[in-house]
Amino acid sequence: MENLSTKDIVLKYNFKFTKSLGQNFLTDDTVLDDIVEGADITEEDYVIEIGPGVGTLTKELLKRAKKVTSIELDERLIPILQEELKEFPNFQLVHKDALKVDYDELIGEEKSVKVVANLPYYVTTPIIASLLNGKYNIKSITIMIQKEVAERIDAEPSTKDYGAFSLLAQYYCDTKIIRRVPPSSFIPSPKVDSIVIRLDILEKPRVQVKDEKLFFSIIRQSFNMRRKTLSNAMKNVGLDKETLKEAFEKANIDSGRRGETLSIEEFANLANTVSELK
Ligand code: SAM
């Protein structure tokens, strides 16, 4: 088996990078190894890879997993991937926007599904949100993200990074930072530091919530008006002033606090109380 590096493949096909597709390809073998190790890929796993590029990470995944489906948007990469990975019978390629894929259909009856992605940063947040909210049968998502996004995922209440995205990730997952990746590990080099993080999907969400839509809507309202107190931010939650006051009392939460100080347990408690009084 010919083992071409990312740079070799780019040269072989005279591939020209498209900045708007976030095409920064990994060139550092230690990062490839750490992603595959960190994702804990075994021969029982069905891996869905998002954004394979020229397939260097894909090849490492194919050597370990039962099957890999890679989803790539750039049509110029399709023949390159087909050619470079043709000796792997366990490889499947989907030419599509990862935001428009029917993941339930892809997953089918597979039992041990792991997502691995090195994505353009502009689609990272919507992809993570749609994979989590879709409640697909996925065990983990191992993803390369901008350092700042990792800090938001791992953030604690009352810090500048804490927000609706932190609570979404913490509601559905445990998180584990695998490693930092410097700009020099990619061609071309991005301007920012990256982090590989693994999101392990919990069997049950971290807190018990009666009405998830209401829970996330309260969270969004609280962070849309970060500087406002909870009682101001939650004016549109569908309760009159008196009942809203009662909800804060029952939940034992001071309505003068700002949303950004509430833990996930406190948001759940507040949402459950509001849902009882509605
Ligand atoms: N995995 C490769 C690596 O590690 O070298 C490439 C990573 S590169 C940061 C991101 C890849 O995602 C590119 O190949 C790009 O064409 C692809 N891509 C961009 N937007 C996409 C989308 N919406 N759906 C699927 N793939 C996308």
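What's counted below: heavy atoms across the whole structure, side chains too, no hydrogens, waters or symmetry copies. Keep in mind the model is a prediction, meaning the values are calculated, not measured. Atoms within a ligand are numbered from 1 in the order they appear, just like the ligands themselves. Throughout, numbering of the chain's residues begins at 1 and tracks the sequence.
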Under a 4.0 angstrom heavy-atom cut-off, which atoms of ligand 1 come close to Ala98? 22 (C), 23 (N), 24 (N), 25 (C)
Can you tell which of Asp74, Leu32, Leu73, Val181 gets a heavy atom nearest to atom 25 (C) of ligand 1? Leu73
Which part of Leu77 is near ligand 1, with near meaning a heavy atom under 4.0 Å away: side chain, backbone, both or neither? side chain
Write out the residue and atom name of the closest protein heavy atom to atom 5 (O) of ligand 1, then the distance separating them to 0.1 Å. Leu26 N, 2.8 Å
Any cation-pi pair here, Lys67 with Tyr46, using under 6.0 Å and within 45°? yes
Could you tell me whether the side chains of Thr159 and Asp161 share a donor-acceptor contact shorter than 3.5 Å? no
So, Thr56 and Glu60: side-chain donor and acceptor under 3.5 Å apart, yes or no? no
Could you tell me which non-hydrogen atom of Val10 sits nearest to which non-hydrogen atom of Phe25, and how far apart they are? CG2-CD1, 4.1 Å
Identify the closest protein heavy atom to atom 2 (C) of ligand 1: which residue and atom is it, and at what distance? Pro52 O, 3.3 Å
Leu99 touching ligand 1 at heavy-atom level, < 4.0 angstrom: no
What protein heavy atom sits nearest atom 23 (N) of ligand 1, and how far away is it? Asp97 OD1, 2.9 Å
For Tyr122, the ligand 1 atoms whose distance to one of its heavy atoms is below 4.0 Å: 20 (N)
Below 4.0 angstrom from a heavy atom of Gly22, which ligand 1 atoms are there? Numbered from 1 as shown, please. 8 (S), 9 (C), 10 (C)
Side chains of Asp240 and Thr243: do they bring a donor and an acceptor to under 3.5 Å? yes
What is the nearest protein non-hydrogen atom to atom 20 (N) of ligand 1, stated with its residue, atom name and distance? Pro120 CG, 3.4 Å
What atoms of ligand 1 come within less than 4.0 Å of a heavy atom belonging to Gln23? 13 (C), 15 (C), 16 (O)
For atom NZ of Lys135, is the number of surrounding heavy atoms from other residues, nucleotides or ligands below 6.0 Å larger than 12? yes
Look at the aromatic rings of Phe216 and Tyr171 and report parallel, tilted or perpendicular, splitting at 30° and 60°. perpendicular
Of all protein heavy atoms, the one nearest atom 4 (O) of ligand 1 is Asn118 ND2, 2.7 Å
Would you say ligand 1 has an N or O under 3.5 Å from any N or O of Leu57? no
Is the Phe223 ring parallel, tilted or perpendicular to the Tyr162 ring (thresholds 30°, 60°)? perpendicular
Establish, from distance only, whether the side-chain atoms of Ser20 and Tyr122 form a donor-acceptor pair under 3.5 Å. no
Atoms of ligand 1, numbered as shown, that sit under 4.0 Å from any heavy atom of Gly51: 1 (N), 2 (C), 6 (C), 7 (C), 11 (C), 12 (O), 17 (C), 26 (N)
If you look at every heavy atom in Ala247 and Val274, which pair is closest and at what distance? CB-CG2, 4.1 Å
According to a hydrophobic-cluster definition based on side-chain heavy atoms being under 4.5 Å apart (Ile, Leu, Val, Met, Phe, Trp, Tyr only), do Val54 and Leu119 belong together? no
Hey, is ligand 1 close enough to Asn24 that some N/O pair sits below 3.5 Å? no
Which ligand 1 atoms are under 4.0 Å away from a heavy-atom of Lys96? 24 (N), 25 (C)
Leu119 N/O to ligand 1 N/O under 3.5 Å: no
of all protein heavy atoms, closest to atom 14 (O) of ligand 1 is Glu72 OE1, 2.8 Å
Quick check on contacts: which atoms of ligand 1 are under 4.0 angstrom from a heavy atom of Ile71? 25 (C), 26 (N)
Evaluate salt bridge (charged side-chain N to carboxylate O under 4.0 Å, His left out) for Lys210 paired with Glu276, printing each intermediate quantity in order. CA-CA 9 Å; Lys210 289 186 188 129; Glu276 271 168 27; 2.7 Å; yes
